[in-house]
Amino acid sequence: MAPPEPTASQPDSTRTGPGRLLVAVYGLFALSASARAGVQIATKFSHAPVAYVLSAFAGVVYILATVTLAIGSPTARRIAVLSCSVELVGVLAVGTWSLADPATFPDATVWSSYGSGYGFVPLVLPVFGLLWLRRLTRRSRARGTIVMSADNAGEAARGGVAHGEGIRKVQ
């Protein structure tokens, strides 16, 4: 029988505490970046194609982060870490590019000038997302018991190993 999926009531869920706010902000950015890019691409794509395509990419990254943070399963968390990392790299790269070559960005993207048009939230959001996911991962690992050898398996089954004590790595 498979273990039950994490629920919102579990303390290591991405849907509790600050995780709720994070999902809400990501959802807001997913909606706003996607809608903005859609309108810009549909109405004036030739004016600033690079900026509009990057805005659409940012929207996709925000959608992926929102969904995976809301799901909160271990696999979803790994995908959320990847999407937050891509977002951070994107904000830094596009922010630098937009300052170094403003002619390429006649219209701003979500990530232009490090997200200055959005109060720099695009710059700090992935940092908070990664910190939250790191905290949850550490908490989950601290509560689990991992048996790494056959010798420890019997002891763990009898309750002799708690919170990783007495575990030795098998090479």
Side-chain angles (χ1 to χ4, degrees), residues 5-144:
E5 282 291 314
T7 63
S9 62
Q10 291 181 335
D12 63 346
S13 173
T14 55
R15 296 169 288 174
T16 60
R20 286 184 182 175
L21 179 61
L22 203 56
V23 169
V25 173
Y26 266 108
L28 179 65
F29 270 79
L31 180 63
S32 64
S34 300
R36 176 182 180 180
V39 168
Q40 290 172 325
I41 288 171
T43 60
K44 53 184 183 176
F45 182 73
S46 61
H47 178 67
V50 173
Y52 301 152
V53 168
L54 287 171
S55 285
F57 178 72
V60 169
V61 170
Y62 287 128
I63 290 168
L64 184 61
T66 303
V67 170
T68 54
L69 285 167
I71 292 171
S73 70
T75 301
R77 285 188 207 171
R78 286 190 287 277
I79 296 169
V81 167
L82 179 64
S83 63
C84 289
S85 299
V86 166
E87 177 191 359
L88 182 58
V89 168
V91 170
L92 295 173
V94 172
T96 302
W97 185 10
S98 66
L99 293 176
D101 186 14
T104 306
F105 296 90
D107 277 354
T109 72
V110 177
W111 294 343
S112 295
S113 303
Y114 307 106
S116 64
Y118 291 86
F120 296 100
V121 172
L123 181 61
V124 297
L125 189 59
V127 174
F128 285 133
L130 290 168
L131 289 172
W132 177 246
L133 289 162
R134 180 179 172 191
R135 178 177 179 221
L136 293 176
T137 301
R138 283 186 171 178
R139 194 182 317 166
S140 293
R141 285 183 183 161
R143 288 197 328 222

**OP:** Enter the distance from Ile71:CD1 to Ile79:CD1 here, rounded to the nearest 0.5 Å.
**Re:** 7.5 Å
Subject >> Nearest atoms (heavy-atom pairs only) where Ala108 meets Gln40 >> reply: O-NE2, 4.4 Å
**OP:** For residues Val110 and Arg36, report the shortest heavy-atom separation together with the two atoms involved.
**Re:** N-NH1, 4.4 Å
Original post:
Heavy atoms, side chains only, cut-off 4.5 Å: are Phe105 and Trp111 in contact?
Top reply: no
Subject >> Flag side-chain contact, heavy atom, 4.5 Å: Leu133 against Leu69 >> reply: yes
Original post:
From Ser113 OG over to Tyr118 OH, what is the distance, rounded to the nearest 0.5 angstrom?
Top reply: 12.5 Å
Original post:
Do Ser83 and Tyr62 have a side chain donor and acceptor closer than 3.5 Å?
Top reply: no
Original post:
Looking only at heavy atoms, which two atoms of Val61 and Glu87 are closest? And how far apart?
Top reply: CG1-CB, 3.8 Å
Original post:
When you measure from the side chain of Ser34 to the backbone N and O of Leu31, does any donor-acceptor pair fall under 3.5 Å?
Top reply: no
Original post:
Are side-chain heavy atoms of Phe57 and Val86 found at a separation under 4.5 Å?
Top reply: yes
Subject >> Minimum heavy-atom distance Pro122-Val91, with the two atoms named >> reply: O-CG2, 3.3 Å
**OP:** Could you walk me through whether Thr66 and Phe29 pass side-chain contact (heavy atoms from CB on, under 4.5 Å), step by step?
**Re:** CA-CA 9 Å; Thr66 303; Phe29 270 79; over 6 Å; no
**OP:** For the residue pair Tyr26 and Pro126, establish whether any side-chain heavy-atom pair is separated by less than 4.5 Å.
**Re:** yes
**OP:** State, yes or no, whether a side-chain contact exists between Thr104 and Ser98 at a heavy-atom distance under 4.5 Å.
**Re:** no
Original post:
Is any side-chain heavy atom of Leu92 less than 4.5 Å from a side-chain heavy atom of Leu123?
Top reply: yes
Original post:
Of the non-hydrogen atoms in Arg77 and Thr137, which two are nearest, and what is the gap between them?
Top reply: NH1-N, 4.4 Å
Original post:
How far apart are the closest heavy atoms of Gly59 and Ala33, and which atoms are they?
Top reply: CA-CB, 3.8 Å
Original post:
Should Val50 and Trp97 count as side-chain neighbours, where that means a heavy-atom distance under 4.5 Å?
Top reply: yes
**OP:** Measure the spacing between CG of Leu21 and CH2 of Trp132 and express it to the nearest 0.5 Å.
**Re:** 10.5 Å
Original post:
Hey, is CZ on Phe128 packed in by over 12 heavy atoms from elsewhere, all under 6.0 Å?
Top reply: no
Subject >> Thr109 backbone acceptor or donor facing Ser112 side chain under 3.5 Å >> reply: yes
